[in-house]
Amino acid sequence: MFDTLSDRLTGIFAKLKGKGRLTDADIDATAREIRLALLEADVALPVVKAFIARLKERARGAEVHGALNPAQQVIKIVHEELVGVLGGEARRLQFAKHPPTVIMLAGLQGSGKTTLAGKLARHLKGLGHQPLLVACDLQRPNAVNQLQVLGGRAGVEVYAPQPGNGVGDPVQVAKDSIEHARRAMRDIVIVDTAGRLGIDTEMMRQAADIRDAVQPDEVIFVIDAMVGQDAVATAEAFRDGVGITGVVLSKLDGDARGGAALSVREVTGSPILFASTGEKLEDFDVFHPDRMASRILG
Ligand code: GDP
């Protein structure tokens, strides 16, 4: 992820090396190249526009001082603006005052929700919590089984409808799981929900019904970082249809251009909480805007 963008930015900054002072023309030329690099990385246009406007304003106003030469100064500004676009400070999960804390996962089918459920459960267990995984994706035939396998690997209980009970009602399963969590003294409930290949009203309604049934402390929107420009429309649909409190970027290990990662915070207004970086349960980390910005700058 971000390899092309990193290379492009390195090339752009290299041209500034050795310059004593940056003229407005230098700044404009650099800003234009960075604009192109971001667009080619699939970053959403409004995000790029705002980024470039801030960059220009700051680069023009920057005092030439201290140990930083003009090229380093521009790099510093780009770094800080990237951190801003990615959300600034790392944001931790919000826990309920009265357990259990309920975390609901939402997103398109294939975005990595079920995998994330397992990762999150493992992560939280490692922090000393007693999570319960809840299988409310009753649409995808294998989703319940997949969650049970992941739960087994993470050593975390999975609450699922009994086999043979037909398709089952995911809203009822979600509701019952909270009761079960209370009885079984689980302090965190992670609810995996169904996704579709595209956004549709039925899926949104089901997700909203599950949300109303479990009153989640966090609604985490899982987005496949490989999806490029479509990410923005999907993120907006989930923000408006279900309401989201946080985002997880999945498949950050892929070699896509990374625009989704750079757009989703500004588009949804919700912080990126975690990064999913592979198929294994341990391929998972708390999301640090600062570290990600440094990675992009190479
Ligand atoms: P869901 O339909 O949203 O529940 O998506 P799944 O969790 O079933 O994931 C869909 C596919 O993506 C599966 O093959 C996962 O193994 C894979 N996957 C999930 N997260 C990641 C990730 O971070 N990196 C990679 N490379 N693959 C992932």
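Atoms considered below: every heavy atom in the structure, side chains included; atoms not considered: hydrogens, waters and symmetry mates. One-based numbering, in listed order, for ligands and for the atoms of each.
- A side-chain donor-acceptor contact under 3.5 Å links Arg239 to the backbone of Val267.
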Evaluate salt bridge (Lys or Arg N to Asp or Glu O under 4.0 Å) for Arg60 paired with Asp24, printing each intermediate quantity in order.
-> CA-CA 7 Å; Arg60 289 213 174 106; Asp24 281 0; 3.5 Å; yes

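- Within 4.0 Å of ligand 1, heavy atoms belong to protein residues Leu108, Gln109, Gly110, Ser111, Gly112, Lys113, Thr114, Thr115, Lys119, Arg140, Gln146, Lys251, Asp253, Ser276, Thr277, Gly278, Glu279.
- With hydrogens and angles disregarded, no donor-acceptor distance shorter than 3.5 Å links the side chain of Ser270 to the backbone of Val247.
- A donor-acceptor pair shorter than 3.5 Å can be found between the side chains of Thr23 and Asp26.
- In this structure a side-chain-to-backbone donor-acceptor pair under 3.5 Å is present from Gln72 to Asn69.
- Under the 30°/60° scheme for interplanar angles, the aromatic rings of His123 and Phe274 are found to stand perpendicular.
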